[in-house]
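To keep things clear, I will list the structure first and then write my remarks on it.
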Amino acid sequence: MNSQPTAKTELHKFVPRPSRAPAVYTYGVFGWMRKHLFGNVWNTLLTLVVFALLILLLKPFFEWAILNANWSAADRRECLTDSPDGACWSGVIRWFNNLIYGRYPNELQWRVNLGFCLGMIWLAPLALKKVKRKMVIAIMAIILFPFLGNYLFLGGENSSFNFIIACIALAYLLILYVDIAFVYLSRKTMGEYLEPLFRRIHKKRGALWGYLSSWLLVTVLFALIFQDLTLVLVPVDVWGGLFLTLIISGFAIVMALPIGILLALGRRSQMPVFRWFSICTIELVRSVPMITVLFMSVTMMPLFFPNTIELNKLVQVLVAVCIFAGAYMAETVRGGLQGIPRGQYEAAKSLGLGYWYTMAFIILPQALRDMIPNIVTSFISLFKDTTLVSIIGLFDIMLMARNISNDKKWLGLHSEPLIAISIIFFIFCYSMSQYSLYLEKKLKKNK
Amino acid sequence: MRALKKLIYNSSFRANFFQGLIVILILSVGYYLYSNTVENLRQMELPFGFDFLGSTAGFNIGWSIIPYDPTMSYGRVYLVGIVNTLLLSVLIIIFSTVLGFVVGIMRLSKNFMVSQLARWYVEFVRNVPLLIQIVFWFIVVFSTLPSPRQSYRLFDTLVLNNRGFYFPAPIFEANFLWSFLAIISALVGAFALLKWSQRYRKYSGKHRAALLPSLFALVLFVALIFVFTGKPLHWAVPTLQGFNFHDGFNFPISFLAAFVSMTIYRSATIGEAVRAGIQSIDKGQREAASAIGFPPFKTLRLIIGPQAARAILPPMINAWLTIVKESSLAVAVGFPELVSVFMQTSLNQTGRAIEIVLMVMGFYMCISLLISFLLNLYNTHIQMQEG
């Protein structure tokens, strides 16, 4: 081919280089698998090892828990003869009611359900978009709901004070929902309808007066309706199960925020007395284990009060858990407060706002919003820590689950109840943590 | 009237007024509680005081490292509790930190299976209360191990059964002192050599492989001393006598359950801290390292590691602090740690609630003060390096 070679320059023959390998495609199922599972030898080996490990661990568990399990035996002996190497879920199923309600009498459990439903109904408007003044709803729930709960769960001859506040709570709930119905149906709140009526009493705050007087009216109505109704007394000793766990953790979660905010504000206060009081409380409580705080409240609190006062264990535990939760929450809130730039304080001051207005309307809303993920995290750990009350003998879900193995019919049934309550806790905690992740993402987007 | 108004709006007066009010409130509540306590104690005929620490405890403690028998005093019981608590927490701290690093690095793996395995491990472990996990390990895993006669054995020296884990204990003779001194001096020498080689490299730029040869020499030195003093170290191997194993050292299953469950539980926390710390390092650092030709492991050790340590250490030290506090949960499975022996048994026997609660809380407070002191020290150290 090279027919006319010149003397000076020698033409090279064109030899094409071997073409490069096509780029590894990373889309589609196979591409994804190549990228994440079988990229190279080492990766493939790792994948296989993990896969083998999973099969080795999960297969026996799956067989034990599902395939060979017994779901309907009458007692443990029947379970063992039926499937000796399978789980005996029937014990958990038979005891399920007790796991949820403790030893609360069967025919009265509707009260627990009603109480929790009312709580849910109360807090549901917080998720609605058109509802305003959510803060007021939440604060009302914190203040009023415990009385309503006490009236429903405990029953018995309540003091008239407690009865009236329970009526006030119910009335508030009713008015809240009437208001919401007005907002969604006619785009005007109930207060706006009532305002012309009450303008004579107060020129500017007619709506507020409307709300207050209708609240009072409904309260009186409820009080008249329910005045003869006395619920059967269910003493605290028989409360238990998930019900008790939720009461303790719910109480702690609800009280943690106000206590924590006060302690955190105190810690950053200019006044030495408040500052040192807060610092001492926070550091003291945070440096000891929760179980010692519980033991302290059980053993020392009876010494602190004259022996004419009857203290029940639940109250002692609630006090201990509240102090504990508050101290931890205080540090979380403090983290949020530290993240607020100075300019916010200065701007509030230049507008002439005092300390409490600055905190309530400028600083705290921002600080708490920034800290929502951390707050939820500490709620989760609080919820898990509630199991510690079983050590001092309260029949929460943990002690109830352990109690199953003492039942004559289910003697020695240990692992299944523990696994069952683990699953319950996992569902609660995991959904809470996922919710906090969702909130975190949403808040980041809003910024 | 005007003067009063002026006084009310005077901020420093208001501050002092409210603080005074709070002081009075705290003092009066304190006095109320104090007088009630005094009255109650008087009725129960229990004078306040720590004299009970000297009296005989009279109850047995299932397991302790330092010698204890029921004729000893409550003060000794307190000490036994503290030592047991500290041993448990130190072991948990070491193992959970190692496991936490493994989990944290696994979560960052590019391999989907590995990272998901680590992710679900963390999710499962941290969303189930620790107490349930402790009880689960105790009842479901360790209590169902075979009895001493059928126990699992490894090399005939390590024994695991439903009583506990047995392993050989070293018995030192008096001559071992020389070997001990040799080990100490060898360690000091190795450290000095390492420092010297670092300094040499810093000034001259040349690398002197000081570590390996010196290590070899030092090991040889220790071994020679050990042989010449007549091998003054023996092992007490656990042997089956009757129904149980004797000799050697053992951990009861309550210890094992607490140790394993807490190690796993906290490894999830530490793993998350490690992952967050490594992820907080800018991607550019890794890319820059690979651009100048650093291999992956060296990148991790010299570029990512030191920077991530700043982010990892504070949450990790917090986790350690939590471990010390959490070790009190071993009371649930009956491991004789501080809360169990002192706050439960001793308190039930003596009724000295206030003194005992104060002592137990005092111990935990000292520990957490110590650890937060170390954390602050480290923080100032880091800040000095940055500035």
Side-chain angles (χ1 to χ4, degrees), chain A residues 32-33 35-37 39 42-43 46-51 53-54 270-274 277 283-284 286-293 295-296 299-300 302-307 380 383-388 390-391 398 401-402 405 414-415 418-419 421-423 425-430 432-433, chain B residues 15-16 18-20 22-23 26 32-34 36-37 39-41 43-44 109-117 123-124 126-133 135-136 139-140 143-144 321 324-329 331-332 339 343-344 347 351 353-354 356-357 360-361 364-369 372:
Chain A
W32 180 87
M33 275 170 72
K35 190 179 174 192
H36 293 282
L37 294 177
W42 169 240
N43 235 341
L46 265 182
T47 306
L48 291 181
V49 165
V50 173
F51 197 69
L53 200 74
L54 276 184
Q270 303 285 325
M271 304 183 210
V273 171
F274 289 107
F277 176 73
E283 292 303 324
L284 212 96
R286 273 167 51 89
S287 64
V288 298
M290 181 171 173
I291 185 76
T292 58
V293 179
F295 267 122
M296 185 184 91
T299 56
M300 271 168 75
L303 289 176
F304 285 157
F305 294 99
N307 39 19
I380 294 174
F383 181 62
K384 287 187 294 178
D385 283 345
T386 335
T387 46
L388 294 200
S390 68
I391 294 182
M398 170 94 194
R402 296 199 63 185
S405 64
H414 288 294
S415 36
L418 283 177
I419 290 174
I421 60 169
S422 303
I423 292 171
F425 270 103
F426 180 81
I427 291 170
F428 271 92
C429 297
Y430 185 70
M432 269 199 272
S433 70
Chain B
N16 287 332
F18 282 118
Q19 292 188 67
I22 281 292
V23 168
I26 292 175
Y32 172 73
L33 298 181
Y34 172 75
N36 283 331
T37 312
E39 175 64 22
N40 284 331
L41 287 181
Q43 280 181 5
M44 292 195 300
S109 165
K110 276 180 196 146
N111 187 307
F112 178 76
M113 288 295 270
V114 174
S115 66
Q116 286 301 302
L117 181 74
E123 292 290 1
F124 270 109
R126 71 170 178 188
N127 281 325
V128 173
L130 176 59
L131 193 63
I132 296 182
Q133 295 188 34
V135 172
F136 184 87
I139 289 183
V140 180
S143 295
T144 53
L321 185 56
V324 176
K325 289 189 281 174
E326 250 170 15
S327 68
S328 57
L329 284 193
V331 65
V339 171
M343 230 171 176
Q344 274 196 324
L347 199 151
I354 299 175
I356 284 179
V357 168
V360 172
M361 287 191 162
Y364 284 111
M365 254 179 255
C366 287
I367 293 288
S368 57
L369 278 181
S372 42

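In what follows, chains carry the letters A, B, and so on, assigned in the order in which the sequence lines appear, proteins first and then strands, with residues in each chain numbered from 1. It should be emphasised that the depicted structure is a prediction, and the values quoted were computed from it without experimental measurement.
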Under 4.5 Å heavy-atom distance to chain B, tell me which part of [X] shows up: side chain, backbone, both or neither.
X       : value
S390(A) : side chain
P272(A) : both
V49(A)  : neither

To the nearest 0.5 Å, what is the distance between [atom1] on [X] and [atom2] on [Y]?
X       : Y       : atom1 : atom2 : value
T292(A) : M343(B) : OG1   : CE    : 5.0 Å
F124(B) : I423(A) : CZ    : CD1   : 8.5 Å
I132(B) : I421(A) : CD1   : CD1   : 3.5 Å
S415(A) : F136(B) : OG    : CZ    : 6.5 Å
L131(B) : D385(A) : CG    : CG    : 9.5 Å

Between [options], who has the most heavy-atom pairs with chain A when the cutoff is under 4.5 Å?
options                           : result
L41(B), T144(B), I26(B), I139(B)  : I139(B)
V331(B), L130(B), V114(B), N16(B) : V114(B)
I356(B), I367(B), L329(B)         : L329(B)
L33(B), T37(B), V128(B), N111(B)  : N111(B)

Please look at [X] and chain A and tell me whether the side chain, the backbone, both or neither of the residue comes under 4.5 angstrom of a heavy atom of that chain.
X       : answer
L347(B) : side chain
I354(B) : both
Q344(B) : side chain
Q43(B)  : side chain

Top contributor to chain B interface from [options] [non-hydrogen pairs under 4.5 Å]:
options                            : answer
M432(A), M398(A), R286(A), Q270(A) : M398(A)
L388(A), I291(A), L53(A)           : L388(A)
E283(A), M290(A), R402(A)          : R402(A)

Within the distance-only criterion (no hydrogens, no angle test), does the side chain of K384(A) pair as donor or acceptor with the backbone N or O of R126(B) below 3.5 angstrom?
->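 Between the backbone of R126(B) and the side chain of K384(A) there is a qualifying donor-acceptor contact (under 3.5 Å).
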Closest heavy-atom pair and its distance - [X], [Y]:
X       : Y       : answer
Y430(A) : N127(B) : CD1-ND2, 3.5 Å
T47(A)  : M113(B) : CG2-CG, 3.6 Å
N40(B)  : F304(A) : ND2-N, 4.4 Å
K325(B) : P289(A) : O-CB, 3.4 Å
E123(B) : F426(A) : O-CE1, 3.5 Å
V357(B) : M296(A) : CG1-CG, 3.7 Å

Residue pair E39(B) / P306(A), side-chain heavy-atom distance below 4.5 Å = no
F277(A) CZ: over 12 foreign heavy atoms closer than 6.0 Å | no
For Y32(B), look at atom OH and say whether over 12 heavy atoms of other residues, nucleotides or ligands are found less than 6.0 Å away.
->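 Count over threshold, so yes.
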